[in-house]
Amino acid sequence: MIVENPFAEFRKECETILAHASKKALSEVKVGNMTFNKPPNPEFGQLASSICFELAKKFNQKPADLAAKLVMSIDKKKFGLIEKVSAVGGYINFHLNFAKFSSLTLQAVRHLGSAYGFIKTGKPLKIIVEHTSVNPLHPIHIGQARNPMIGDALARILKYRGHTVFCHYYIDDVGRQSSVIAYGYDKLGRPKPNEKPDHFVGKIYTITSCLVELNRLKKKLENAKETAPSDEVAKITKQIDEWMSIAAELKEKFPALFERLLEEIEKAKDAEEEINRLNLAYEKGEPEAMRLVREVSELCLKGFRETLERVGVSYDSWDWESDLVWSGRVSEVLQRLKATPFVYTEGGVLEFDAEKVARVFKLKAKMGLREDYEVPPLTLTRADGTTLYTTRDVAYTLQKFNRADKVINVIGMEQSLAQLQLKLALHALGYTKCADNLGHFAYNLVTLPGYKMSSRRGRYITLDEVLDEAVERAYAEVSKRSPQLTEEEKREIARFVGLGAVRFALVDVDAAKPVVFTWDRVLNFETNSAPYVQYTHARACSILRKAAREPEKADFSLLKEPLERELVLTVASFPEIFIDAAEYLKPNLIADFANALSDKFNTFYNALPVIKAEPQALSDARLALTDAIKIVLHNALSIIGVVAPEKM
RNA sequence: GGGUCCGUGGCGCAGCACGGAUAGCGCGUCAGCCUUCUAAGCUGAAUGUCCUGGGUUCAAAUCCCAGCGGACCCGCCA
């Protein structure tokens with residue numbers, strides 16, 4: 001018989017046995033929650049219940065006595081996977097029958113192969129995972145790179161779980177910043193890039209944005225000198241100084257480009273004004289503005305696609321924010337919001353009273369907010385009538401729900417408030433169900449040691465640089481360790497090792513924690529890394545290759561070593577880990593699991609022979625175990641998009 | 001000022017959702033292991049007020065409250 005989830009079988013049996021025993025011994029039908037913990041030591045079995053501690057007071061007996069009593073009334077005839085049950089210090093410990101369990105587990109893994117572990121949900125949904133969505137202004141930098149890695153891993157997990165998943169990339173081309181890059185690009189005469197297009201666009205954006213900001217501040221300073229108090233003037237002066245130093249930095253890095261843009265922008269009457277006009281024209285859908293902004297955005301996206309393809313991340317849909325505006329969906333949403341009692345006008349702008357929505361619909365407790373917390377209002381439109389990001393996002397969210405039951409937005413945690421306001425806007429419009437099924441997967445920032453990464457200031461390390469460096473270091477590593485390989489093999493190995501290392505490192509740490517970027521951290525080739533797991537996989541493959549036989553004579557009851565049992569147990573628990581990772585959206589559980597399994601296998605590898613083990617029934621059992629480990633490592637790595645190599 | 005998230009050996013992290021028996025792992029340090037299945041590996045040693053203080057509980061790194069420290073947010077930016 002093939003079981004999908006071996007450890008769950010054992011767990012179920014423990015539950016049944018314990019329920020029966022408590023009914024018999026304590027005439028207690030409901031015994032409270034039937035949760036089991038993993039004992040700290042295999043001596044105490046593989047699952048334990050601490051239920052006697054809870055019941056002690058109720059029955060006025062010592063936990064140890066209760067435990068003994070319960071164990072006494074256990075019906076041993078019902079044992080399937082259980083070997084024995086013992087009472088130790090108030091705990092009830094369930095010991096596995098490893099002969100049966102190993103056989104059950106290893107046969108299941110080897111039979112199911114690449115499907116093992118991926119337990120399907122009983123309620124398949126259509127889920128949209130919106131991720132990456134880096135603005136098309138500059139290359140994807142390492143601070144943002146956590147997003148596609150997490151987003152892609154989430155999408156894969158949910159897909160394996162049996163959901164229908166669509167990955168969407170939201171192209172934010174409507175904001176003012178898009179007009180800034182388009183403006184600079186236009187001033188340069190819309191040149192063809194002489195390098196990777198997103199890098200090219202990034203330079204223009206940074207310089208243009210810096211020069212325009214300087215212009216704006218200088219004007220502001222002139223006005224302030226006459227009217228504003230002196231501390232205000234000092235503040236502006238300080239800002240100017242800061243931007244001047246950035247300008248100097250940029251001038252040194254890209255002298256030719258800087259000079260040309262400086263000249264063009266000085267020549268312009270009012271760059272600020274022209275950019276605002278372009279922004280307005282683009283939102284209105286004026287053909288010339290459309291052509292210009294789309295052209296430069298496409299250029300940048302072309303570069304993104306290249307990078308993302310390289311790491312194996314792909315999308316089902318690329319959604320242009322501008323399409324939402326032009327199609328009238330944004331204004332429609334705006335009209336409907338206006339018709340609610342939650343929108344008011346203030347000084348020519350539309351404001352959305354998020355606080356009132358939360359209060360009227362009594363949502364604070366539900367959303368995990370304190371009653372006395374006041375949700376700040378959200379500005380829906382500027383005085384010139386153009387819309388703001390979150391306003392457009394309301395329309396976008398509704399569009400996503402046309403296609404899906406559930407939407408997960410992978411967005412940095414700095415946008416938590418905006419996401420909250422978005423949700424409240426959905427409530428205001430009556431889309432309660434959408435609001436409930438909208439999830440914000442927030443992740444913390446990646447920072448560079450010393451200073452904050454800033455795309456506006458051109459201070460960033462691009463994902464491309466990181467990937468190149470990773471592959472290069474992996475190449476040096478593989479050349480050193482395996483000089484006998486051909487050049488082609490080395491290149492291929494360096495590629496998947498380097499890319500794998502980066503993906504793993506960005507998924508491995510709990511998304512809620514901030515990460516300080518260091519090369520060593522991302523390019524780790526030792527324990528706790530993709531290369532370590534890949535190496536372990538290759539090692540297992542190597543054994544199987546050398547054995548060159550099917551483990552037909554395997555006798556699993558011979559797997560008596562603690563290391564072997566630990567391995568069987570770990571392999572058997574993969575389905576449960578997978579379910580947790582899928583239900584609680586924790587891709588890092590998979591990375592941790594793969595690493596832990598590798599640890600155990602390597603210990604086993606160093607301690608016990610496989611091929612040369614005697615008798616052959618044992619050798620074959622270990623071979624089957626090795627095969628099962630290989631399969632599970634492969635499956636785990638596939639979730640985080642890392643190649644599991646046969647050789648390295 | 002208000003909100004969200006984070007705080008675990010020198011450093012980087014896991015464990016916290018669902019409280020359980022001696023708090024795991026890696027780096028670094030020290031001492032070892034390649035004529036035996038891939039040394040990107042393994043073994044051993046040293047290193048802890050689990051931020052602090054209260055509370056809940058038979059039991060708290062885990063739950064609750066308060067405080068401290070850090071990051072982020074509170075914009076007619078996205």
Side-chain angles (χ1 to χ4, degrees), chain A residues 33 35 37 39-41 44 48-50 52-54 56-57 62-63 88-91 93 133 135 137 172 174-178 346-351 368-370 372-377 379-384 386 388-390 392-393 412-418 420 442 444-445 447 452 456 474 477-478 480-482 497 508-510 512-516 518 520-521 524-529 531-536 538-547 580 583-584 586 588-589 592 595-596 598-599 602-613 622-623 626 647-648:
Chain A
N33 64 330
T35 53
N37 342 72
N41 188 318
F44 300 137
S49 168
S50 52
C52 297
F53 293 94
E54 285 174 47
K57 209 177 231 173
K62 284 182 186 159
V88 180
Y91 293 94
N93 296 332
S133 305
N135 296 355
L137 308 169
D172 178 15
V174 177
R176 219 187 71 101
Q177 71 292 337
S178 289
E346 196 176 82
V349 306
L350 277 186
E351 293 283 345
L369 304 169
R370 280 164 171 265
D372 57 359
Y373 169 67
E374 269 202 44
V375 187
T379 305
L380 295 170
T381 60
R382 296 188 183 92
D384 67 1
T386 56
L388 280 105
Y389 175 80
T390 308
R392 300 187 294 264
D393 207 7
M413 67 157 228
E414 71 277 8
Q415 290 208 43
S416 297
L417 177 59
L420 174 69
N444 216 315
L445 300 175
T447 51
K452 209 190 140 185
R456 285 180 74 195
E477 205 70 18
V478 76
K480 191 174 81 194
R481 294 174 197 274
S482 313
V497 166
D508 187 34
V509 178
D510 184 347
K513 295 201 179 188
V515 168
V516 177
T518 58
D520 280 351
R521 177 183 195 121
N524 176 22
F525 294 152
E526 292 173 357
T527 311
N528 259 322
S529 73
Y532 176 66
V533 178
Q534 290 174 314
Y535 180 76
T536 309
R539 220 177 204 186
C541 289
S542 170
I543 294 177
L544 295 166
R545 203 167 42 238
K546 292 225 162 120
D580 278 355
E583 296 308 306
Y584 299 103
K586 285 187 157 201
N588 57 315
L589 290 182
D592 288 342
N595 192 63
S598 300
D599 268 346
N602 283 318
T603 306
F604 162 80
Y605 174 91
N606 275 276
L608 302 165
V610 175
I611 296 171
K612 289 186 180 166
R622 286 185 181 161
L623 217 47
T626 303
K647 276 185 192 174
M648 69 183 265

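Just so it is clear: chains get the letters A, B, ... in the order the sequence lines come, proteins before strands, and each one is counted from 1. Side chains are part of it too, since the values below use all heavy atoms of this structure and drop only hydrogens, waters and symmetry mates.
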Work out how far the C1' atom of B:G12 is from that of B:A17, and round it to whole angstrom. 24 Å

For A:L589 and B:A17, what is the distance between atoms CG and P respectively, to the nearest whole Å? 13 Å

Classify A:L420 by what it touches in the nucleic acid, base, sugar-phosphate, or nothing, heavy-atom distance under 4.0 Å. nothing

Contact under 4.0 Å: A:R382 side-chain N or O vs B:C77 OP1/OP2: yes

Glycosidic class, syn or anti, of B:C68 using a 90° window around 0: anti

For the side chain of A:T381 and the backbone of A:L350, is there at least one donor-acceptor N/O pair under 3.5 Å apart? yes

When the P atoms of B:C68 and B:U52 are considered, how many whole Å apart are they? 15 Å

Would one find a side-chain N or O of A:R521 under 4.0 angstrom from OP1 or OP2 of B:G12? no

Counting the atoms with a prime plus P, OP1 and OP2 as sugar-phosphate, which does A:L417 contact under 4.0 Å by heavy atoms, base, sugar-phosphate, or nothing? sugar-phosphate

How about A:D384 and A:T386: does a side-chain donor come under 3.5 Å of a side-chain acceptor? yes

B:C18 pairs with, by Watson-Crick or G-U criteria that keep both distances under 3.5 Å: none

With sequence neighbours left out, the residues meeting ring pair (Phe, Tyr, Trp, His ring centres under 6.0 Å) with A:F53 are A:Y91

Which heavy atom of A:V610 sits nearest a heavy atom of A:I543, and at what distance? CG1-CG2, 3.9 Å

Base, sugar-phosphate, or nothing for A:R392, non-hydrogen atoms under 4.0 angstrom? sugar-phosphate

Under 4.0 Å: is that the gap between some side-chain N or O of A:T527 and OP1 or OP2 of B:G41? yes

Considering only atom C1', compute the distance from B:A23 to B:U62 and round it to an integer number of Å. 11 Å

Shortest non-hydrogen separation from A:N135 to A:Q177 and the atoms involved: ND2-NE2, 4.0 Å

Residue met sooner reading RNA chain B from 5', once A:P40 and A:V349 are mapped to nucleotides: A:P40

The side chain of A:N444 is closest to which nucleotide in this list: B:A71, B:C18, B:G75? B:A71

Quick one: is B:G7 close enough that its OP1 or OP2 comes under 4.0 Å of any side-chain N or O from A:K513? yes

Backbone N or O of A:L388 within a donor-acceptor pair of the A:R382 side chain at under 3.5 Å? no

Please report the distance separating the C1' of B:G1 from the corresponding atom of B:U47, rounded so that it comes out in whole Å. 42 Å

Decide yes or no, distance alone: a donor-acceptor N/O pair under 3.5 angstrom between the base of B:U22 and the side-chain of A:N41. yes

Look at all strands and tell whether A:D580 reaches a base, only sugar-phosphate, or nothing, counting heavy atoms closer than 4.0 Å. base

Would you classify A:G175 as touching base, sugar-phosphate or nothing, given that sugar-phosphate means primed atoms plus P, OP1 and OP2, and contacts are heavy atoms under 4.0 Å? sugar-phosphate

Which nucleotide in the set B:A39, B:U36, B:C25 lies at the smallest distance from any side-chain heavy atom of A:R481? B:A39

Hey, does A:P376 reach any base, or is it just sugar-phosphate, or nothing, if we go heavy atoms under 4.0 Å? sugar-phosphate

Could you let me know what B:G24 is paired to, Watson-Crick or G-U wobble, both distances under 3.5 Å, or none if it's on its own? B:C13

Do A:Y91 and the base of B:G20 stack face to face, with centres under 5.5 Å apart and an angle between planes under 30°? no

Contact pattern, 5' to 3', of nucleotides 57-69 of chain B - B, S or - by protein heavy atom under 4.0 Å: -B-------S---

B:U4 pairs with which nucleotide, Watson-Crick or G-U wobble, both distances below 3.5 Å? B:A71

When we call it a touch if two heavy atoms are under 4.0 Å apart, what does A:Q415 touch: a base, just sugar-phosphate, or nothing? base

Now, which nucleotide makes the Watson-Crick or G-U wobble pair with B:C33, with each of the two distances under 3.5 Å? B:G41

Assign A:L623 to base, sugar-phosphate, or nothing according to its heavy-atom contacts below 4.0 angstrom with the strands shown. nothing

Considering only the C1' atoms, how many Å lie between B:U49 and B:A45, rounded to the nearest integer? 24 Å

Ignoring backbone atoms, test whether A:Y605 places a side-chain nitrogen or oxygen under 4.0 Å from the OP1 or OP2 oxygen of B:A39. yes

B:G3 OP1/OP2 closer than 4.0 Å to side-chain N/O of A:S416: no

Between the side chains of A:D599 and A:T527, does any donor sit under 3.5 Å from an acceptor? no

Nearest listed nucleotide, side chain of A:K546, among B:A21, B:U38, B:A40: B:U38

Which nucleotide, B:A21, B:C5, B:C42, lies nearest any side-chain atom of A:A512? B:C5

Proximal nucleotide (of B:A71, B:C77, B:C42) relative to the A:M413 side chain: B:A71

Which base sits across from B:U49 as a Watson-Crick or G-U pair, both distances under 3.5 Å? none

I need the CG-P distance between A:N588 and B:A14, as an integer number of Å. 7 Å

Rounded interatomic separation in angstrom, taking CG from A:D510 and P from B:G12: 16 Å

If only atom types and distance count, is the side chain of A:S542 paired as donor or acceptor with the main-chain N or O of A:A538 below 3.5 Å? no

Take atom CD of A:E374 and atom P of B:G2, then tell me their distance rounded to the nearest Å. 13 Å

Distance check, P atoms only: B:A46 and B:G55, in whole angstrom units. 35 Å

Residues in ring pair (Phe, Tyr, Trp, His ring centres under 6.0 Å) contact with A:F44, at least two apart in sequence or another chain: none

Base, sugar-phosphate or nothing for A:A596? Non-hydrogen atoms, less than 4.0 Å. nothing

So which nucleotide from B:A21, B:A40, B:G26 ends up closest to the side chain of A:F44? B:A21

Is the backbone of A:V509 close enough, under 3.5 Å, to the side chain of A:N588 for a donor and an acceptor to pair up by distance? no

Base of B:A21, side chain of A:N93 - is there a donor-acceptor contact under 3.5 Å? yes

Compare the minimum distances between each of B:C76, B:G3, B:G41 and the side chain of A:Y373, then state the nucleotide with the smallest one. B:G3

Indicate, with a heavy-atom threshold strictly under 4.0 Å, whether A:V478 touches base, sugar-phosphate, or nothing. base

Can a side-chain donor-acceptor contact be found between A:N595 and A:N528 if the only test is distance below 3.5 angstrom? yes

Which heavy atom of A:N444 sits nearest to which heavy atom of A:A512, and what is that distance? ND2-O, 3.0 Å

Expressed as a whole number of Å, how far does the C1' atom of B:C27 sit from that of B:G69? 25 Å

Assign each of A:Y584 and A:D508 to its nearest nucleotide of RNA chain B by heavy atoms, then name whichever residue's nucleotide is nearer the 5' end. A:D508

Rounded P spacing from B:A21 to B:A60 in Å: 11 Å

